2 protein chains.
Amino acid sequence: MKYSKQRQKILEIINNSYNHPTAYMVYEEVKKDIPDISLGTVYRNLNSLVENNMIKKISLETDRYDKNTDHCHLYCIKCNKIIDIGLLNIDTMIMDNYNFKVLNSDVVLKGICSECRERKD
Amino acid sequence: MKYSKQRQKILEIINNSYNHPTAYMVYEEVKKDIPDISLGTVYRNLNSLVENNMIKKISLETDRYDKNTDHCHLYCIKCNKIIDIGLLNIDTMIMDNYNFKVLNSDVVLKGICSECRERKD
DNA sequence: ATAGAAGTAGTAATGATTACTACTTTGAGG
DNA sequence: CCTCAAAGTAGTAATCATTACTACTTCTAT
């Protein structure tokens with residue numbers, strides 16, 4: 001991977017983010033510094049950062065990205081909140097039971113969070 | 001939900017399937033019986049069957065469908081095999097630790113299966 | 001029987017992502 | 001320092017799964 005200010009900036013944005021941004025959200029953020037960056041460039045760089053294990057892709061309706069590569073997520077289908085959780089040794093359980101190496105690249109558990117369940121609507 | 005032969009046939013196909021078909025695969029199969037069925041009809045009915053918890057959607061690159069609604073899947077990113085596994089009490093673990101109701105509508109753990117790991121290519 | 005709610009076929013639209021093309025930048029070896 | 005091929009980029013077109021829309025048809029409760 002060669003240096004490029006575009007990829008540098010994209011990585012920096014992910015590393016400073018706490019909102020699990022989509023590719024488009026990253027695109028809009030980079031444009032503040034590099035106004036004529038291309039959306040394709042953002043997608044290409046996000047992909048290569050994921051391949052190099054520097055960031056993590058979260059597969060929801062629209063893919064989202066996370067600087068932390070060592071945990072998975074709870075996604076509330078009511079309020080769209082994304083909750084970070086530890087791996088809970090899911091991978092170890094699967095390996096022991098199924099001899100299958102889980103990469104956990106995008107484990108997302110969808111459901112309803114405690115606040116939304118209390119609200120009951 | 002009103003009766004329709006299209007939905008009836010679609011459900012029958014899922015119930016007789018063992019290959020986790022995509023919407024398009026279902027479409028091609030229904031066409032053998034109902035040649036002028038519309039792809040949109042297949043999508044619409046698959047969605048309502050999922051909503052009524054009669055089948056399950058598996059979210060991969062392209063969505064796939066399963067007659068069993070009570071387990072999750074291992075997906076080998078090398079050979080594209082889909083392995084059915086029990087729920088392993090993941091939902092209970094998450095509820096105990098995070099007070100989050102997992103619906104498990106599409107838990108898919110991606111990784112590399114034992115055969116592919118032995119092959120080492 | 002019949003009305004109106006639900007379903008359908010067929011096509012157009014959407015929206016995320018990737019492919020393509022011609023141009024630019026980077027960096028390793030002379 | 002040059003230099004030049006490999007890697008990267010902008011901008012646009014294309015792809016592909018899925019949904020929306022429209023006018024027509026079929027159920028089913030009364």
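Just so we're on the same page: letters track the sequence lines, and every chain starts at 1. What you see is a predicted model, and the numbers here were worked out from it, not measured in a lab.
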Worksheet item: In whole angstrom, what separates A:R7's CZ from D:dA6's C1'?
Response: 13 Å

Worksheet item: Is there a side-chain contact between A:L46 and A:I14 (heavy atoms, below 4.5 Å)?
Response: yes

Worksheet item: To the nearest 10 degrees, how far apart in direction are the end axes of the helix from C:dA1-D:dT30 to C:dG30-D:dC1, each fit to five base pairs?
Response: 30°

Worksheet item: To the nearest angstrom, how far is A:Q6 atom CD from C:dT26 atom P?
Response: 8 Å

Worksheet item: Would B:L11 and B:I13 show up in the same hydrophobic cluster when neighbours are defined by side-chain heavy atoms closer than 4.5 Å?
Response: yes

Worksheet entry | A:N45 CG - C:dT18 C1' separation (whole Å) | 14 Å

Worksheet entry | Evaluation steps, side chain to side chain contact (heavy atoms under 4.5 Å, CB included), between B:I10 and B:L49 | CA-CA 9 Å; B:I10 287 166; B:L49 289 170; 4.0 Å; yes

Discussion item. For B:N19, is there any backbone N or O sitting under 3.5 Å from a side-chain donor or acceptor partner on B:S17?
Written reply: no

Worksheet, complete the sentence: The side-chain contact (heavy atoms from CB on, under 4.5 Å) partners of B:Y18 (sequence neighbours excluded) come to B:K67

Discussion item. In whole Å, I'd like the distance from the CD1 atom of B:I37 to the P atom of C:dG7.
Written reply: 13 Å

Practice prompt. Tell me, please, which residues at least two apart from B:Y27 pass side-chain contact (heavy atoms from CB on, under 4.5 Å).
Written response: B:Y24, B:K31, B:I37, B:L39, B:V42

Item to complete: Taking only heavy atoms on the protein side, list every residue of residues 8-18 of chain B lying under 4.0 Å from any atom of DNA chain C, sorted numerically.
Response: none

Scan nucleotides 19-25 of chain D against the protein and return all N/O pairs shorter than 3.5 Å with their distances rounded to 0.1 Å.
residue : atom : partner : partner atom : Å
D:dT19  : OP2  : B:N47   : ND2          : 3.2

Worksheet item: In whole angstrom, what separates A:L49's CG from D:dG8's P?
Response: 11 Å

Discussion item. Any heavy-atom pair between the side chains of B:R64 and B:P21 that's under 4.5 Å?
Written reply: no

Response to the item:
When every non-hydrogen atom of A:Q6 is compared with those of A:I34, the smallest separation belongs to CA-CD1, 4.0 Å

Fill in: Qualifying residues under side-chain contact (heavy atoms from CB on, under 4.5 Å), relative to A:N52, sequence neighbours excluded
A:M1, A:M54

Discussion item. My understanding is that only residues two or more places apart in sequence, or in another chain, count here; which of them pass side chain to side chain donor-acceptor pair (under 3.5 Å) with B:T41?
Written reply: B:R44

Practice prompt. Flag yes if B:Y43 and B:M25 sit in one hydrophobic cluster, no otherwise; membership is Ile, Leu, Val, Met, Phe, Trp, Tyr, and two members link when side-chain heavy atoms are under 4.5 Å apart.
Written response: no

Protein-nucleotides 28-30 of chain D N/O pairs closer than 3.5 Å?
residue : atom : partner : partner atom : Å
D:dT28  : OP1  : B:Y3    : N            : 3.2

Worksheet item: Among residues 28-36 of chain B, which contact DNA chain C at a heavy-atom distance under 4.0 Å?
Response: B:D36

Discussion item. Does anything in residues 8-25 of chain B form a salt bridge (Lys or Arg N to Asp or Glu O under 4.0 Å)? List the pairs, not counting sequence neighbours.
Written reply: B:K9-B:E12, B:K9-B:D33

Item to complete: Name all residues meeting the side chain to side chain donor-acceptor pair (under 3.5 Å) criterion together with B:K32; count only those two or more places apart in sequence or in a different chain, and write none if there are none.
Response: B:E29

